[in-house]
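Report on one structure; see the data block that follows.
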Amino acid sequence: MTAQTPEHDEAHSGGLGSRLNWLRAAVLGANDGIVSTAGLVVGVAGATDERAALLTAGLAGLLAGSMSMAAGEYVSVSTQRDSEKAALATEKRELATEPQAELIELTELLEGKGLDGRLAREVAEQLTEHDALRAHAEVELGIDPDELTNPWHAAGASFLAFTVGALLPLLAIVLPPTGQRLWITVLAVLVALALCGWSSARLGAAPVRRAILRNAAGGALAMGVTYAAGSVLGAVGV
């Protein structure tokens with residue numbers, strides 16, 4: 001009987017972790033869009049059932065939230081990119097002025113990863129000969145010099161994710177007939193949040209049920225609080 005080669009489907013692409021982080025950020029951005037916009041339009045619905053008011057509030061919340069997310073992500077990732085470029089510049093300068101010290105440092109780092117001293121030295125020499133800066137960037141700094149974080153990509157992804165998430169409660173509150181808007185919006189939002197919770201749990205290899213319940217409960221609480229506030233303000237004529 002011929003032995004079968006065991007299947008091995010694990011991905012070894014260096015960009016896998018980065019792609020998972022982007023997917024997780026997209027899910028979280030959509031989640032923020034759903035919760036914040038749902039809370040806003042449900043709060044307004046507690047005060048008035050006028051479609052124009054609901055649409056205006058929802059669009060304002062969508063635009064403000066998506067722009068805020070994009071700007072915040074751009075600033076954050078720009079700072080990270082600047083730090084990465086500064087670290088690479090420092091490493092390049094040290095390689096030019098203290099090559100032997102850097103070789104010893106790389107050897108010690110490889111030893112720390114489990115290689116014995118002789119093998120670590122041999123690997124460090126080969127990596128240095130091939131591309132010293134890349135070797136130190138990846139082993140010492142955990143940076144791929146060819147794939148620095150891009151603030152524009154991050155800002156665009158956050159803007160798009162928030163907008164997609166925010167569109168659901170906005171459409172759910174303005175499209176149905178007056179008497180059905182609220183419960184349709186609440187139901188749609190809870191289903192969408194459950195899906196976001198499931199997605200984030202799967203991406204992070206976390207318990208699915210707990211993530212779904214936590215996500216749905218948070219959204220329900222947000223809508224309950226804002227609806228109560230809107231009802232009170234509407235009742236007193238504010």
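The same ILVMFWY cluster, assembled from side-chain heavy atoms under 4.5 Å apart, contains both L109 and V123. Under the 4.5 Å side-chain heavy-atom criterion for Ile, Leu, Val, Met, Phe, Trp and Tyr, L175 and L59 are members of the same hydrophobic cluster. Hydrophobic clustering, with ILVMFWY side chains joined whenever heavy atoms are under 4.5 angstrom apart, keeps I143 apart from V77. Cluster annotation: L167 and L54 are assigned to the same hydrophobic cluster (Ile/Leu/Val/Met/Phe/Trp/Tyr, side-chain heavy-atom contacts under 4.5 Å, transitive). Cluster membership for L182 and V225, using ILVMFWY side-chain heavy atoms within less than 4.5 angstrom, is not shared.
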Which atom pairs, donor and acceptor, lie under 3.5 Å between side-chain atoms of residues 184-191 and protein residues at least two apart or in another chain?
from : atom 1 : to   : atom 2 : distance (Å)
T185 : OG1    : A172 : O      : 3.1
T185 : OG1    : I173 : N      : 3.3
T185 : OG1    : R181 : O      : 2.7

Name every donor-acceptor pair, under 3.5 Å, that has one atom in a side chain of residues 204-214 and the other anywhere in the protein, sequence neighbours excluded.
none

Test log, rule side-chain contact (heavy atoms from CB on, under 4.5 Å), inputs L103 and E125: CA-CA 7 Å; L103 179 61; E125 289 175 349; 4.2 Å; yes

Could you please spell out the steps behind the side-chain contact (heavy atoms from CB on, under 4.5 Å) verdict for E94 and E91? CA-CA 5 Å; E94 291 175 348; E91 201 63 41; 3.8 Å; yes

Run the side-chain contact (heavy atoms from CB on, under 4.5 Å) check on T226 and L40 step by step: do they pass? CA-CA 7 Å; T226 57; L40 179 60; over 6 Å; no

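A donor-acceptor pair under 3.5 Å links the side-chain atoms of S36 to the main chain of D32, judged by distance alone. Remark: the backbone N or O of L193 is paired with a side-chain donor or acceptor of N215 at under 3.5 angstrom. T128 places a side-chain N or O within 3.5 Å of a backbone atom of A124 that can act as its donor or acceptor partner. T56 places no side-chain N or O within 3.5 Å of a backbone atom of A53 that could act as its donor or acceptor partner. At distances below 3.5 Å, not a single donor-acceptor pair connects side-chain atoms of T37 with backbone N or O atoms of I34.
F159 has its side chain out of reach of M69: every pair of non-hydrogen atoms, C-beta onward, lies at least 4.5 Å apart. Counting heavy atoms from C-beta on, the side chains of D131 and L127 never come closer than 4.5 Å. Side-chain atoms of L148 and L88, non-hydrogen and from C-beta on, do get closer than 4.5 Å to each other. Side-chain contact between L110 and R121 is absent, with no heavy-atom pair separated by less than 4.5 Å. Counting only heavy atoms from C-beta outward, the side chains of E105 and H136 approach each other to under 4.5 Å. At a threshold of 4.5 Å between non-hydrogen side-chain atoms, the residues L55 and L170 count as touching. For the pair E111/T107, a side-chain contact is recorded, criterion being any heavy-atom separation below 4.5 Å from C-beta on. Inter-residue side-chain proximity for R81 and P151 is flagged as met; some heavy-atom pair is nearer than 4.5 Å.
The two residues P145 and R134 make their nearest non-hydrogen contact at CD-NH1, 3.9 Å. Across V27 and S199, no two heavy atoms sit closer than the pair CG2-CB, 4.1 Å. When all heavy atoms of V41 and G58 are compared, the closest pair comes out as CG1-CA, 3.6 Å. When all heavy atoms of A192 and L168 are compared, the closest pair comes out as CB-CD1, 4.0 Å. Minimum heavy-atom separation, F162 to G61: CE2-O, 4.1 Å. Of all heavy-atom pairs spanning P176 and L171, the tightest one is CD-O, 3.8 Å.
Salt bridge E122/R118: absent, no basic N to carboxylate O contact under 4.0 Å.
Here the CG-CD distance, from N150 to Q80, works out to 11.0 Å after rounding to the nearest 0.5 Å. Within the model, atoms OG of S78 and CD of E73 stand 10.0 Å from one another, a figure rounded to the nearest 0.5 Å. Remark: K85 NZ to K92 NZ distance equals 12.0 Å, nearest 0.5 Å.
Counting non-hydrogen atoms of other residues, nucleotides and ligands closer than 6.0 Å to CD of E50 gives a total of 12 or fewer.
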